[in-house]
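For reference, the structure is listed below as structure tokens.
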Amino acid sequence: GNGELSHFGSNSANAVDNYTGISLGYAENGNSAYRKVGIVSVGRGDGAARQDLAFLVDSNADGGSAQLVDTKMRISHEGYVTTPNQPSFRAGRNGNYIPGYGNDIVFNLTSGTQLFNVGGHYSTSTGLFTAPASGSYIFHAVVIWGPGTPNGENMADSFRFVYNGARFHYSEKRAEYVDGTTGNAGYYVDHATCIAQMNANDTMGVYSQEAVSVHGNAQYTTFTGHKIG
């Protein structure tokens, strides 16, 4: 039958580096290899004597042994903490298009130079980020409007963050487009940053409040987010 299990060991045929540590979990049908959680001291693989500390959670649905590939948090001997699965994304736009007033702006790229989508929680088809877990999230967006923004166009509150489809936070630059003053050659830049307390499956997006073109510059017109707590 099932029962509590603790195991202490060093090295493993499946380990990618030298380690010693303890794993906790349940045995299944007397199989002592069924382990779910591990706390291990991990060799750095570079010949250094100092070790990192890794926290493992088994990623196998059938209860295989937690290995270094299942690392969910790591504390380096210098004190740096890394959480490789923390939800995080930076999406860009690769072509000019007019989303239209009242529609979400779709940032359609999450691959390329410094673009990413850890966990796949941002959708390049809907433009929405869906929170996988409750917590605090920080978001930042930069939108370049243009080309062809009309001279004198009121660009105050040109976009806003929408939380579960409702307005949440307006963009932070309030001005008209004045060629040579607030922008150049038909291009105008606006931006916004906010922190949101989200529940699992809540969404955040960037909602257009203009009828002019969004400029497709994947390194400039961007939407980013990260779970911070």
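- No continuous path of ILVMFWY side-chain contacts below 4.5 Å connects Phe159 to Tyr207, so the two sit in separate hydrophobic clusters.
- Panel note: side chain Arg90, backbone Gly225; no donor-acceptor pair is recorded below 3.5 Å.
- A 4.5 Å side-chain heavy-atom check between Tyr163 and Asp202 finds at least one atom pair inside the cut-off.
- Distance alone, capped at 3.5 Å, is enough to place a donor-acceptor pair between the Ser171 side chain and the Ser158 backbone.
- Judged by distance alone, the side chains of Ser88 and Gln86 never bring a donor and an acceptor atom under 3.5 Å apart.
- Phe107 and Phe223 have tilted rings, their planes meeting at an angle from 30° to 60° on a 0 to 90° scale.
- Within the 3.5 Å criterion, the main-chain N or O of Val189 finds a donor-acceptor partner in the side chain of Lys173.
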CA sep, side-chain torsions, deciding dist, call: His140, Thr224, side-chain hydrogen bond (donor to acceptor under 3.5 Å, both in side chains):
CA-CA 5 Å; His140 179 70; Thr224 65; 5.8 Å; no

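- For the pair Arg93 and Tyr97, the cation-pi criterion (under 6.0 Å, within 45° of the ring axis) is fulfilled.
- Donor-acceptor pairing under 3.5 Å is lacking for the side chains of Ser213 and Trp145.
- Using a 4.0 Å cut-off between a side-chain N of Lys or Arg and a carboxylate O of Asp or Glu, Arg74 and Asp52 qualify as a salt bridge.
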Sequence neighbours left out, cut at 3.5 Å: what donor-acceptor pairs do the side chains of residues 124-131 make with other protein atoms?
| unit_1 | atom_1 | unit_2 | atom_2 | d |
| --- | --- | --- | --- | --- |
| Ser125 | OG | Ser123 | OG | 2.9 |
| Thr126 | OG1 | Ser123 | OG | 3.2 |
| Thr126 | OG1 | Leu128 | N | 3.2 |

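- Follow the hydrophobic side-chain contacts under 4.5 Å out from Ile138 and you never reach Val162; the two are in separate clusters.
- Note: Tyr188 OH to Glu176 CD = 9.5 Å, rounded to the nearest 0.5 Å.
- Between the side chains of Tyr177 and Asp179, at least one donor N or O lies within less than 3.5 Å of an accepting N or O.
- No hydrogens or angles considered: a donor-acceptor pair under 3.5 Å links the side chains of Gln209 and Arg160.
- How far CG of Asn103 is from CD of Glu210: 13.0 Å, rounded to the nearest 0.5 Å.
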